[in-house]
There are 2 protein chains.
Amino acid sequence: MPAATLGKLELAALLAVARLDDEAYGLAVRAHLAGVTGRDYSVGAVYTTLQRLEDKGLLRSHASEPLPVRGGRSRRHFSVTAAGARAFREAERTAAALWAGVGSFTKPRLA
Amino acid sequence: MPAATLGKLELAALLAVARLDDEAYGLAVRAHLAGVTGRDYSVGAVYTTLQRLEDKGLLRSHASEPLPVRGGRSRRHFSVTAAGARAFREAERTAAALWAGVGSFTKPRLA
DNA sequence: CTTATTTGTTCTACAGAATAGTACTTATGC
DNA sequence: GCATAAGTACTATTCTGTAGAACAAATAAG
């Protein structure tokens, strides 16, 4: 199976992990998503999505050592797998095709 | 309600209608989607989506006169409403923000 | 040391979107 | 009238989106 296509939040989360790189853990991803999409996803929404991506083999995770700061408990760090990178590029191609030609389409013809 | 965000197929269908303009009816949209996304959506998938968009007020439709060709029955033509155009632009902004900075990200760091 | 506070993650549920498949309708062509 | 083509509508099932509360672990406070 060609991994079917990613959902929108899934894709956004995948990109977030890729970008955050070493800092890619649950709450950080959530914060990043808030910045990028302009909306506030619930904690559950984010973790569920990350979990699904890992189940699909697009992400992998490992627990970090606790940090010596207040509330500094162990984090679950995510990273993109090879399959994840592929899915990512495919999504990129599709998105490009989708939006191609509509660049100057800021004023669609209304009925 | 801020119209919630559009699903991926919904967005693709909205764009298809906008582009096809006068030729935006069920099967044509379906064909366009196939070209753009590279995958074959079932007939049902397309109509269900278009219907949803109309229910949300992002599209409107009207029946055309039957064409004098074999099988040329009346088509249901769709067009983008003002609300649809707004949704469209908002999706465009979000997509831009999402992909911004990942342009040269064709080779994500793997774990 | 006992409690409060902070950061982080897991669990449980449900609504909505994606998607397929089949049936139904209306034209034309013989 | 009957076969065929082009379209659309209906029904059902799975997957994704999304929220909210519960749970865990670490340090700061008193």
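By convention in this document, chain letters (A, B, ...) are assigned in the order of the sequence lines, proteins followed by strands, and residues within each chain are numbered from 1.
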Classify [X] by what it touches in the nucleic acid, base, sugar-phosphate, or nothing, heavy-atom distance under 4.0 Å.
X: B/Glu10; result: sugar-phosphate
X: B/Leu9; result: sugar-phosphate
X: B/Val43; result: base
X: A/Gly44; result: base

Can you figure out which of [options] approaches the side chain of [X] most closely?
X: A/Tyr41; options: D/dT18, C/dA17, C/dA20; answer: D/dT18
X: B/Thr48; options: D/dT18, C/dG8, D/dC10; answer: D/dC10
X: A/Arg70; options: C/dA17, D/dA28, C/dG8; answer: D/dA28

Is any side-chain N or O of B/Arg76 closer than 4.0 Å to OP1 or OP2 of D/dA9?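 For D/dA9, OP1/OP2 do have a side-chain N/O of B/Arg76 under 4.0 Å.
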Below 4.0 angstrom from OP1 or OP2 of D/dC15, is there any side-chain N or O of B/Lys8?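 Result: no.
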Return the set of residues passing side chain to side chain contact (heavy atoms under 4.5 Å, CB included) with B/Thr48 (not counting sequence neighbours), or none when no residue passes.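 Residues passing side chain to side chain contact (heavy atoms under 4.5 Å, CB included) with B/Thr48: B/Arg52.
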Once side chain to side chain contact (heavy atoms under 4.5 Å, CB included) is applied, do any residues pair with A/Ala31, and if so which ones, sequence neighbours excluded?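 Testing A/Ala31 for side chain to side chain contact (heavy atoms under 4.5 Å, CB included), a comparison that skips the adjacent residues, returns none.
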Mapping B/Thr49 and A/Val69 onto DNA chain C by nearest heavy atom, which one lands closer to the 5' end?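 So the residue in question is A/Val69.
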Upstream residue (5' side of DNA chain C) when B/Gly7 and A/Arg75 are each assigned their closest nucleotide: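 Final value for this comparison: A/Arg75.
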Looking only at the side chains, is there a donor atom on one of B/Thr81 and B/Arg60 sitting less than 3.5 Å from an acceptor on the other?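 No, B/Arg60 and B/Thr81 have no side-chain donor paired with an acceptor closer than 3.5 Å.
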Under 3.5 Å, is there a donor-acceptor pair between the side chain of B/His62 and the main chain of B/Phe78?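 Not at all, since once roles are kept as given, no pair shorter than 3.5 Å links the two residues.
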D/dA6 base / B/Arg73 side chain donor-acceptor hit below 3.5 Å: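 In this structure, the two groups form no donor-acceptor pair.
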Among residues 28-35 of chain A, which ones have heavy-atom contacts with DNA chain C below 4.0 Å?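 Output list: empty, so none.
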